[in-house]
There are 2 protein chains.
Amino acid sequence: MTTPRAPEGYDPYAFAPFAVTVDLAVLTLREERLHVLLVERGQEPYAGAWALPGGFVLPRESAEAAARRELAEETGLSEATVAGLHLEQLRTYTEPDRDPRMRVVSVAFTALVPDPPEPRGGGDAAQARWIPYGTHGHLAFDHDRILADAHERVGAKLEYTCLATAFCPPEFTLGELRQVYETVWGVELDRPNFRRKVLTTPGFVQAVEGPPRLTGGRGKPAALYRAGEATTLHPPLLRPEGRPA
Amino acid sequence: MTTPRAPEGYDPYAFAPFAVTVDLAVLTLREERLHVLLVERGQEPYAGAWALPGGFVLPRESAEAAARRELAEETGLSEATVAGLHLEQLRTYTEPDRDPRMRVVSVAFTALVPDPPEPRGGGDAAQARWIPYGTHGHLAFDHDRILADAHERVGAKLEYTCLATAFCPPEFTLGELRQVYETVWGVELDRPNFRRKVLTTPGFVQAVEGPPRLTGGRGKPAALYRAGEATTLHPPLLRPEGRPA
DNA sequence: TCCTTAAGAGTCATATTGACTATAAAGGCT
DNA sequence: AGCCTTTATAGTCAATATGACTCTTAAGGA
């Protein structure tokens with residue numbers, strides 16, 4: 001009846017103080033596999049377990065700023081580089097017992113990184129490493145859930161946005177772009193059909209002028225493309241089989 | 001350098017306490033228009049302005065539980081009814097100055113309500129009302145942004161999920177379902193094509209047996225349907241014109 | 001030189017959509 | 001009663017988009 005209603009009637013005793021953190025699901029492609037940046041915990045609880053990188057939101061900082069700061073710290077990338085990366089709020093995790101020590105609300109972000117650098121080991125006893133997605137056991141806290149949510153979200157957004165280019169360097173081949181879809185979705189796509197779809201979607205990619213070709217390894221050299229101005233795909237590029245689960 | 005890293009090294013002085021609230025964008029359809037549930041603020045700041053309903057998250061409560069509790073309080077619907085409504089986390093708003101008094105992080109939710117009841121006036125001086133979307137002026141705090149984000153999200157999810165049925169009562173006609181799309185998107189849809197799409201999408205709706213028809217007003221009586229078991233639409237039901245903006 | 005790998009150009013059948021036409025079945029009016 | 005308006009529902013047809021393939025080109029490796 002007299003439960004506090006916000007934003008009227010701020011009573012200093014009407015709310016409990018919460019700690020607010022950010023957790024990052026940092027994804028990248030290495031050697032045709034999806035990898036996640038994980039840190040090994042040095043302290044209890046969950047000492048020795050792997051966890052998503054993250055940290056406290058500072059008193060005068062937004063969650064997004066905190067996430068970018070942590071991302072730079074954990075990956076060793078410069079602030080300027082990190083400023084250009086795709087970083088997106090995923091969801092906020094608020095279960096009262098998600099941290100056994102105290103009430104912590106965590107704003108989770110998904111970050112996509114092309115060309116992953118080796119992470120610098122954390123200043124503490126913890127190490128940070130790129131781990132192939134799915135090969136880590138159970139993560140600390142509710143990070144299994146966060147990571148699964150991130151993977152699902154990224155997979156879904158590949159269908160109807162141009163997100164895939166965020167996994168690629170500034171210039172890329174259509175083969176590399178197709179690899180993104182195949183790796184995240186775990187399926188094989190038909191090359192000619194994928195090519196047709198990408199090239200006929202206005203604004204998805206734009207051809208790079210100049211030396212029109214580049215050879216990476218085996219096979220015929222491929223043309224290079226840059227990300228276009230479009231952000232959404234209409235019509236979408238749907239996964240095979242239909243169901244997005 | 002020695003910025004606190006979570007989840008290791010919890011230092012009680014390493015983080016500032018935040019207040020955590022929920023804000024609700026409660027949407028419904030009344031008389032072929034999209035309406036949003038707003039409360040009038042009785043106190044400073046923004047006294048007299050309209051705002052989204054919301055309130056503090058209690059010490060042992062998840063944000064989702066807080067949102068459902070607030071939703072029941074503001075709409076006057078029973079807890080059992082509210083338990084069945086579509087409630088979905090939208091995004092978390094964390095700008096340091098979003099509340100001029102103190103640091104408040106707000107987890108925003110979108111709720112969809114069929115058959116809207118008149119809201120009960122709040123216990124305080126504030127009143128709660130259904131307002132046609134777009135006819136409210138500027139809302140308090142960053143609630144303009146939250147409401148716009150909610151509208152955009154709902155519009156996008158209509159394309160590739162079965163969300164539209166959440167706006168409808170348990171049994172509805174295809175005309176009512178089409179109204180949802182037309183109202184949220186602000187477009188007119190071709191009746192026969194819409195019908196074909198809905199009926200050929202497996203699991204979107206299921207025909208109601210028994211008295212196969214019901215008359216609401218003018219025109220030929222329409223058959224009744226219930227929401228099906230499907231949650232996603234494959235292929236999606238895209239907005240006309242392409243662009244989702 | 002031959003084999004393998006991948007890019008890139010096409011073809012063809014099918015599936016899905018968008019634009020329309022037509023009929024049916026109600027209520028409101030005159 | 002007779003007509004007009006409104007909405008539901010059944011179809012048709014052409015334009016698109018997609019999925020499954022084939023074929024050629026241009027590398028690298030053995």
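Here C:dG8 is the nucleotide among C:dG8, C:dT21, D:dT7 with the atom lying nearest to any side-chain atom of A:Ala223. Which of C:dA7, D:dA8, D:dA27 sits closest to the side chain of A:Pro221 comes down to D:dA27.
Counting all heavy atoms, side chain and backbone alike, A:Val22 lies closest to A:Ala63 at CG1-O, 3.5 Å. In terms of heavy-atom proximity, A:Leu189 sits nearest to A:Pro240 at CD2-CG, 3.8 Å.
Between A:Phe141 and A:His143, the ring planes are tilted. Angles from 30° to 60° get that label.
Distance, B:Glu182 CD to D:dT7 C1': 12 Å, rounded to whole Å. Separating the NZ atom of A:Lys220 from the C1' atom of D:dG29 is a distance of 19 Å, rounded to the nearest angstrom. Between A:Leu189 atom CG and D:dA20 atom P the separation is 11 Å, expressed in whole Å. D:dT5 atom C1' lies 8 Å from atom CZ of B:Arg218, rounded to whole Å. Note: CD (A:Glu32) to C1' (C:dA6) measures 12 Å, nearest angstrom. Nucleotide C:dA7 holds its C1' atom 14 Å from the CG atom of A:Leu177, rounded to whole Å. In this entry the distance linking CG of A:Asn193 with C1' of C:dG10 reads 11 Å, nearest Å. The interatomic distance linking A:Asp190 (CG) with C:dT11 (C1') rounds to 13 Å, in whole Å.
Counting heavy-atom neighbours within 6.0 Å of B:Glu171 CD, excluding the residue itself, gives a total above 12.
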Protein-nucleotides 14-18 of chain D N/O pairs closer than 3.5 Å?
residue, atom, partner, partner atom, Å
D:dT18, OP1, A:Lys197, NZ, 3.2
D:dT18, OP2, A:Lys197, NZ, 3.4

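In this structure, A:Val113 and A:Leu27 have side chains that are not in contact, with every pair of non-hydrogen atoms separated by 4.5 Å or more.
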Audit row: B:Asp149, B:Arg145, salt bridge (charged side-chain N to carboxylate O under 4.0 Å, His left out) steps and yes/no: CA-CA 6 Å; B:Asp149 287 351; B:Arg145 166 89 190 282; 3.4 Å; yes
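Counting only distance, with no hydrogens or angles, the side chain of B:Glu159 and the backbone of B:Arg239 share a donor-acceptor pair below 3.5 Å.
Distances shown here put every side-chain N or O of A:Arg191 at or beyond 4.0 Å from the OP1 or OP2 atom of C:dG8. Applying the 4.0 Å criterion to OP1 and OP2 of C:dG8, one finds that A:Arg195 has a side-chain N or O inside that range.
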